[in-house]
Peer 1: 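My questions all concern the structure below.
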Amino acid sequence: MELTIQPVDATNREDVLGLTVHPGQQGFIETPAACLQDAADYPEFRPVGLYADEVLVGFAMYGALRDSAGGRNVWMDRLLIDAQYQGEGLGRSFTRLLLERLDQEYGRQPIYLSVFEENLGARRLYESFGFEFIHEYDADGEWIYRKT
């Protein structure tokens, strides 16, 4: 299976907007529409479609965001796999690809993400890649994780 990451643009925007998660996961991640609005409001974010054999199966965002001290922190954000493609290991595969892309684009440095405490599946996934909870929380109360 060939996995690729492609920017969201006019050619795939409507398809991205059609991605959904299982009903029990809806509280864990923003809708694709909200994500794309955030990317429009914050151009540091790069929204991407996740493709398996040229079929859109998911979405993610990433970027280097300014911190309060004026530096920048690299974030991997909003990873979702469409409900119909979950359970096939795609979340793990795309996490690996996204981490490689972040290293290529931003150089080797800490990578941050946030996840709700109750989202045990996501927490286990990220922890398996070396992310650790840093005992800080984002504005929505999500746990902030860092991979060094």
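In this text, all values refer to a predicted model and were calculated from it rather than measured experimentally.
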Peer 1: Among residues two or more places apart or on two chains, list those pairs meeting ring pair (Phe, Tyr, Trp, His ring centres under 6.0 Å) that have a residue in residues 23-42.
Peer 2: none
Peer 1: Holding to side-chain contact (heavy atoms from CB on, under 4.5 Å), I want the full list of residues that pass it with Thr31, two or more places apart in sequence or in another chain.
Peer 2: Ala33, Ala34
Peer 1: What verdict does the side-chain contact (heavy atoms from CB on, under 4.5 Å) test give for Leu99 and Met76, after you've listed the backbone C-alpha separation in whole Å, the side-chain angles of each residue and the deciding distance to 0.1 Å?
Peer 2: CA-CA 8 Å; Leu99 291 172; Met76 185 175 78; 4.2 Å; yes
Peer 1: If you take all heavy atoms of Gln6 and Asn12, which pair is closest and at what distance?
Peer 2: O-ND2, 4.4 Å
Peer 1: Taking C-beta and beyond as the side chain, do Thr20 and Pro32 meet within less than 4.5 Å on heavy atoms?
Peer 2: no
Peer 1: Just jot down the side chain to side chain donor-acceptor pair (under 3.5 Å) partners of Glu127, sequence neighbours excluded, or say none.
Peer 2: Tyr145
Peer 1: Test of understanding: with side chain to side chain donor-acceptor pair (under 3.5 Å), list the residues that count as partners of Arg72, not counting sequence neighbours.
Peer 2: none
Peer 1: Could you list all the salt bridge (Lys or Arg N to Asp or Glu O under 4.0 Å) pairs where at least one residue sits in residues 28-56, not counting sequence neighbours?
Peer 2: Glu30-Arg78, Asp38-Arg78, Arg46-Glu105
Peer 1: Which atoms form the tightest heavy-atom contact between Leu90 and Ala52, and what is the distance?
Peer 2: CD2-CB, 4.4 Å
Peer 1: Evaluate the criterion side-chain contact (heavy atoms from CB on, under 4.5 Å) for residue pair Phe133 and Ile144; output intermediate values, then yes/no.
Peer 2: CA-CA 6 Å; Phe133 175 47; Ile144 297 176; 5.7 Å; no
Peer 1: For Tyr106, give me all partners under ring pair (Phe, Tyr, Trp, His ring centres under 6.0 Å), at least two apart in sequence or on another chain.
Peer 2: none
Peer 1: Sequence neighbours left out, what pairs pass ring pair (Phe, Tyr, Trp, His ring centres under 6.0 Å) with at least one residue falling in residues 43-86?
Peer 2: Trp75-Tyr112
Peer 1: May I have all residue pairs that pass salt bridge (Lys or Arg N to Asp or Glu O under 4.0 Å) and include part of residues 138-147, sequence neighbours excluded?
Peer 2: none
Peer 1: According to salt bridge (charged side-chain N to carboxylate O under 4.0 Å, His left out), who are the partners of Arg108, at least two apart in sequence or on a separate chain?
Peer 2: Asp103
Peer 1: CD of Glu132: more than 12 outside heavy atoms within 6.0 angstrom?
Peer 2: no
Peer 1: Report the residues that fulfil side chain to side chain donor-acceptor pair (under 3.5 Å) with Gln25, sequence neighbours left out, ordered by chain and then residue number.
Peer 2: Gln86
Peer 1: Which residues pass the side chain to side chain donor-acceptor pair (under 3.5 Å) test with Ser128, sequence neighbours left out?
Peer 2: Arg92
Peer 1: Scan residues 2-18 for pairs that pass salt bridge (Lys or Arg N to Asp or Glu O under 4.0 Å), counting only residues two or more places apart or in two chains.
Peer 2: none
